[in-house]
Amino acid sequence: MDYILLIGNIAILISVSVIFNFISRHWKFNTLQYRILTGILFGLATIIGMIAPAKVAPGVFFDGRSIILSIAGLFAGSLPALLAAAIAATFRYITGGAGVPMGLLVITVSTSIGIFFHVLRERNKIQLTIPVLLGIGYLVHLGMLACTLALPYTQRHEVVNNILIPILTVYPVGFLLVSILFLDSENRIKSVEELSKSEARYKQLVENAQMITVKLNVHGEIIFINRYGLGLLGYSRQEIIGRKAIDTLILKENPGSPYFTELGQRLIGTQEALTTEGSCFSRSGEHLTILWVLTNTVGTSSQPEMLCTGNNITGLVGAQEALRESQIRLKSIMDHTNDLICQIDLNGRHLYVSQSYKKILGYETHDLIGKPFFSFLHPDDLANTITTFKSALLSRAPKSTSVRFRAADGNYVWIESHGNTIINKSGRITGMVVSSRDITEQVKHQKEIEESEFRYRTLLNAIPDLMFVQTNDGVYLDYHCSDESQLLFPPQSFIGKKYTEVLPPTILSLFEDKFKRVKEHLGIEKFEYAAKLQSGELGYFEARVTSFGPDKILSIIRDITDRKRAEKAIQKSEQLLKRQNEELNKRNQKIVSINKELTLAKEKAEESDRLKSAFLANMSHEIRTPMNGMLGFADLLRRPNLPEEKRKLYVDIINANGNQLLAIINDIIDISKIEAGQVITELIPVNITKLYLEIRDQFTPLAKARNLNFIARYPEVGEVITKTDATKLRQVLFNLLSNAIKFTPSGRVETGFSATDENLLFYVMDTGIGIQQEFHNTIFERFRQVEDTISRQQGGTGLGLSISKSLVELLGGSIWLESEPGKGSTFFFTIPYVKIEDVSTHTEQEEVVHPLWHGKKVLIGEDDEANYQYLDSILTGAGIQTVRATSGLDVVEFCKHNPGIDLALINAKMPLMNGYETTKQIKELRGSLPVIVQASFVSTSGKAHAYESGCDAFISKPISKKDLIGLIDRFFS
Ligand code: ADP
């Protein structure tokens with residue numbers, strides 16, 4: 001193996017590579033032509049190597065082919081490497097020899113390894129450092145060593161022995177050197193490429209920069225101007241290049257103009273930059289102000305040049321002027337403002353204070369400058385203000401607070417401060433501007449307003465009324481109430497709603513109407529209503545609706561439930577009082593009338609008292625007269641040998657006086673009964689015509705005895721029968737006729753009656769002394785007598801007319817009189833006419849002795865002898881057998897032992913046992929035995945008592961024969 005030949009071969013290859021490198025530097029990378037040409041060049045380099053190889057055996061030679069092809073693969077990529085490999089393979093094949101297979105194999109392996117690492121490099125998997133390159137060199141050539149297997153076996157050993165050392169030394173080193181060469185070349189190409197790119201970018205930057213860029217040569221002539229500069233000045237490049245900078249870019253008069261002439265050359269070499277402002281005119285004459293920055297530079301011709309870059313500040317100058325004016329304005333404002341404006345640093349110290357501090361707080365500027373803002377604050381406001389200012393600093397946002405600031409006179413002034421941070425160019429906070437306003441008056445007003453609002457709020461809360469503010473459309477906006485239970489609904493259910501959605505239908509129309517009216521006349525509408533509360537109770541309310549400003553309505557609702565209840569209670573009590581009042585009035589009237597009655601009664605009592613005195617005197621006379629007569633003649637009767645005529649006369653006189661006395665007593669008893677209300681009428685059919693016949697018979701002889709003419713008139717045809725009390729009617733007629741005869745000295749007495757449909761009218765007329773008009777009413781009063789000598793002469797009790805009046809009224813009629821003194825009197829009275837057609841069975845009983853009564857036995861219970869004799873004479877006269885018992889006990893005993901008794905006639909008042917008890921016991925012994933009780937002055941209750949005891953009938957004393965017979969007849973017939 002000829003190493004020298006091999007090294008020379010490889011050196012040729014390296015030289016070829018260097019030349020190739022040099023040539024390829026001027027080509028553009030990555031074009032297809034470049035890559036094909038590169039492949040051809042690498043192929044030619046392998047051919048050159050194969051022309052002068054190192055021969056090892058016949059047909060077997062070694063050259064730098066493996067290095068060239070692997071380098072081609074590694075640096076030029078697959079296309080040039082494969083092209084070069086194809087050229088090399090072709091040439092080797094043509095050369096021929098035993099080493100052709102190995103030669104082709106080496107070409108393939110070298111190219112493949114080169115391409116493989118090229119791919120790895122492209123993918124950034126490896127960096128081509130020297131060890132890496134050396135490694136690749138060894139890999140390629142160990143591959144070449146392996147290719148010796150393709151040699152004929154006979155030559156293989158010898159070949160391996162020959163090339164082993166070069167493979168391990170010369171080949172890898174050769175590969176490394178060529179690679180370094182290519183690597184360097186590649187880097188250089190890349191740098192050149194980057195530089196040109198950068199230049200292009202710079203040029204573009206300069207051309208398009210928004211600042212004028214000009215280059216001047218040492219003579220101050222323009223040698224470059226960028227596109228922006230051309231545009232700004234209005235020149236084309238040809239027009240301006242070569243012109244002097246003075247008068248083109250900058251006017252001579254400008255302060256910085258020398259820099260643009262020879263004087264500006266002083267800059268050159270100083271490496272400093274100069275800034276100057278200059279004015280120039282554009283081609284069209286527009287005035288421009290440019291702020292220039294001038295620097296020295298070295299041009300391509302190594303000549304010093306001046307680079308001038310300028311900013312068009314034409315607009316900025318105006319802005320600066322505006323800024324200056326604004327500053328003046330601001331200062332003027334600061335000096336004259338009424339606001340307190342200060343600047344404080346981060347420690348709160350005053351850096352600036354406005355003039356207003358003197359005017360408002362009395363401070364000179366030096367009083368404040370350097371002193372902390374916070375040291376002037378009221379201690380109570382300090383903490384709050386510091387917090388606010390800190391917050392302003394942290395948030396970098398303006399903050400406000402109200403504080404008390406001490407004035408020069410020591411008093412505190414309320415100010416409202418707005419703190420705004422000052423931030424410098426680098427974004428750091430350097431302090432604050434505090435703008436304050438004197439709000440002492442405002443605070444005072446605010447306090448007054450708050451106090452007033454508090455007062456009104458308190459007042460409002462104390463008002464029990466409900467208040468609602470609504471829009472003109474009736475939407476509830478607000479409400480006030482001291483007790484929410486007064487509301488008809490909870491607030492959330494009506495606020496924001498219209499009243500038509502909320503109010504119950506019962507009161508809706510009422511409100512609608514009032515709202516309408518309020519909107520029309522803007523006055524106040526007042527009304528009352530009732531509504532159910534939330535509690536379910538019914539409440540009464542008084543509403544006042546009024547307009548509240550131009551677009552609102554205010555409703556004030558007062559709960560008048562209590563008032564309504566009170567009103568109702570008052571109404572009730574008023575009604576009660578009214579009733580009570582009426583009652584009291586009635587009572588009052590009653591009392592008045594009672595008073596009147598009492599007065600009358602008193603007068604009457606007095607009168608009665610007077611009359612009674614007169615009556616007593618009269619009575620004494622009336623009773624004594626007959627009594628004297630009776631006693632006197634009774635004495636006379638005692639005389640012995642009294643002739644029969646005298647004795648008869650005396651008995652008649654005694655009898656007449658007795659009758660007179662009885663009449664007086666009867667009158668007194670009658671009036672007492674009437675007064676006691678014990679007179680009971682027994683209405684039975686009475687034949688008036690028949691009664692008048694009796695009267696005619698009775699009074700004709702009496703009148704005749706006084707020489708008077710007596711006439712009793714009654715209807716000739718038919719009988720007049722009415723239902724009345726015959727005894728009482730008879731008594732009235734008897735009284736009136738007795739008086740007529742009594743008070744008529746001469747002339748005539750007449751009586752009669754007539755019938756109307758309803759009444760019977762009776763009259764009793766006389767031609768007697770008559771009665772003065774003034775006595776026409778009073779003579780009907782008890783004990784009343786006309787004070788007249790005649791009447792006094794005639795005697796009498798003054799009870800007859802009073803009894804007659806009472807009896808007539810009891811019978812249902814009335815009595816009156818017509819009279820004239822001296823001419824006579826006519827008394828009239830009426831009774832009801834109750835017609836009875838058939839009276840045959842009702843006519844009054846005649847005093848007859850019933851034949852059946854013979855054999856009848858009557859027990860008379862009577863202790864008084866005279867009474868017994870009287871009763872006995874009546875009964876025996878009627879054919880009855882009598883038996884007497886003088887006490888109640890005897891009566892009972894007799895009845896027990898004598899069953900033959902047919903009737904018992906018992907006095908109510910008897911010794912040992914009264915008549916009522918006696919009756920009771922008789923009835924217990926013999927219930928069927930008729931018992932008649934007789935009593936005097938019996939009251940209604942006494943009569944009832946008698947009937948309760950079991951008696952069958954009752955008869956009052958004095959007992960008339962007729963009455964007694966009539967009564968007994970009821971039991972015996
Ligand atoms: P008395 O006749 O018992 O006095 P009366 O009551 O019967 O009582 O009469 C009252 C008075 O009325 C008589 O006292 C008398 O003065 C007067 N008087 C009654 N009837 C007549 C009469 N027919 N003519 C005149 N005076 C009479």
Side-chain angles (χ1 to χ4, degrees), residues 604 607-608 610-626 656-657 659-675 695 699 702-703 706-712 728-752 762-810 814-829:
K604 263 189 178 173
E607 175 72 359
S608 171
R610 193 184 61 74
L611 289 173
K612 242 187 273 172
S613 305
F615 168 73
L616 281 175
N618 191 19
M619 199 59 65
S620 152
H621 167 77
E622 290 299 324
I623 293 170
R624 279 197 178 125
T625 308
N657 282 322
N659 280 333
Q660 196 183 337
L661 194 61
L662 186 65
I664 290 165
I665 290 164
N666 276 343
D667 276 358
I668 291 168
I669 288 168
D670 281 350
I671 203 76
S672 304
K673 274 186 181 176
I674 288 164
E675 279 194 356
I695 284 171
F699 282 92
L702 294 173
R706 291 181 62 98
N707 284 323
L708 294 171
N709 190 14
F710 178 74
I711 303 161
K728 294 181 176 66
L729 177 62
R730 195 178 273 126
Q731 195 176 344
V732 173
L733 283 168
F734 183 86
N735 280 344
L736 295 178
L737 284 168
S738 300
N739 279 346
I741 290 169
K742 191 158 71 175
F743 296 109
T744 306
S746 62
R748 182 165 65 94
V749 170
E750 185 182 321
T751 183
F762 295 87
Y763 71 92
V764 174
M765 187 274 286
D766 65 63
T767 55
I769 60 170
I771 303 164
Q772 296 99 304
Q773 185 69 33
E774 62 195 89
F775 296 112
H776 284 193
N777 286 327
T778 53
I779 52 163
F780 290 105
E781 291 172 11
R782 283 169 287 152
F783 313 124
R784 183 70 76 169
Q785 289 176 318
V786 176
E787 293 296 325
D788 186 76
T789 44
I790 296 175
S791 62
R792 298 299 313 140
Q793 283 164 11
Q794 296 304 322
T797 55
L799 290 173
L801 285 181
S802 173
I803 292 166
S804 299
K805 185 172 185 275
S806 299
L807 292 176
V808 166
E809 284 169 0
L810 262 172
S814 56
I815 187 167
W816 69 95
L817 77 109
E818 289 172 3
S819 178
E820 231 180 290
K823 285 192 177 172
S825 310
T826 306
F827 283 83
F828 299 93
F829 72 92

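First listed ligand is number 1; within each ligand, the first listed atom is number 1. The figures here come from the full heavy-atom set of this structure, side chains too, leaving out hydrogens, waters and symmetry mates.
- Within the 4.5 Å cutoff, no side-chain heavy atoms of Thr767 are placed close to those of Leu708.
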Notebook entry, point to check: Please walk me through it: do Thr744 and Ile769 pass side-chain contact (heavy atoms from CB on, under 4.5 Å)?
Noted result: CA-CA 6 Å; Thr744 306; Ile769 60 170; over 6 Å; no
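- Heavy-atom proximity to Leu799, at under 4.0 Å, picks out these atoms of ligand 1: 6 (O), 8 (O).
- By the 30° and 60° cut-offs, the orientation of the rings of Phe710 relative to Phe699 is tilted.
- In Asn735, neither the side chain nor the backbone holds a heavy atom less than 4.0 Å from any atom of ligand 1.
- With hydrogens and angles disregarded, no donor-acceptor distance shorter than 3.5 Å links the side chain of His776 to the backbone of Glu818.
- Once rounded to the nearest 0.5 Å, the distance linking NZ of Lys673 with CD1 of Ile668 reads 14.0 Å.
- Shown in contact with Ser825 at under 4.0 Å from a heavy atom are these atoms of ligand 1, numbered in order with element: 24 (N).
- In terms of heavy atoms, Leu661 sits closest to Pro626 at CD1-CG, 3.9 Å.
- Inclusion of Phe743 in the set of residues having an N or O under 3.5 Å from an N or O of ligand 1 is not warranted.
- Listed by number with element, the atoms of ligand 1 under 4.0 angstrom from any heavy atom of Asp766 are 22 (C), 23 (N).
- Counting heavy atoms from C-beta on, the side chains of Ile771 and Phe827 come closer than 4.5 Å.
- The atoms of ligand 1 that sit less than 4.0 Å from any heavy atom of Ile769 are 25 (C).
- Under a 4.0 Å criterion applied to the non-hydrogen atoms of Lys742, ligand 1 contributes the atoms 1 (P), 2 (O), 3 (O).
- Between Ser802 and ligand 1, a contact under 3.5 Å exists for no N or O pair.
- Checking only distances, Phe827 never comes within under 3.5 Å of ligand 1, N or O to N or O.
- Under the 4.5 Å side-chain criterion, counting only non-hydrogen atoms from C-beta, Ser802 is in contact with Ile671.
- Within the structure, ligand 1 has Ile771 among the residues with a heavy atom less than 4.0 angstrom away.
- Close contacts of ligand 1 with Ala740, meaning ligand atoms under 4.0 Å from a residue heavy atom, involve 23 (N).
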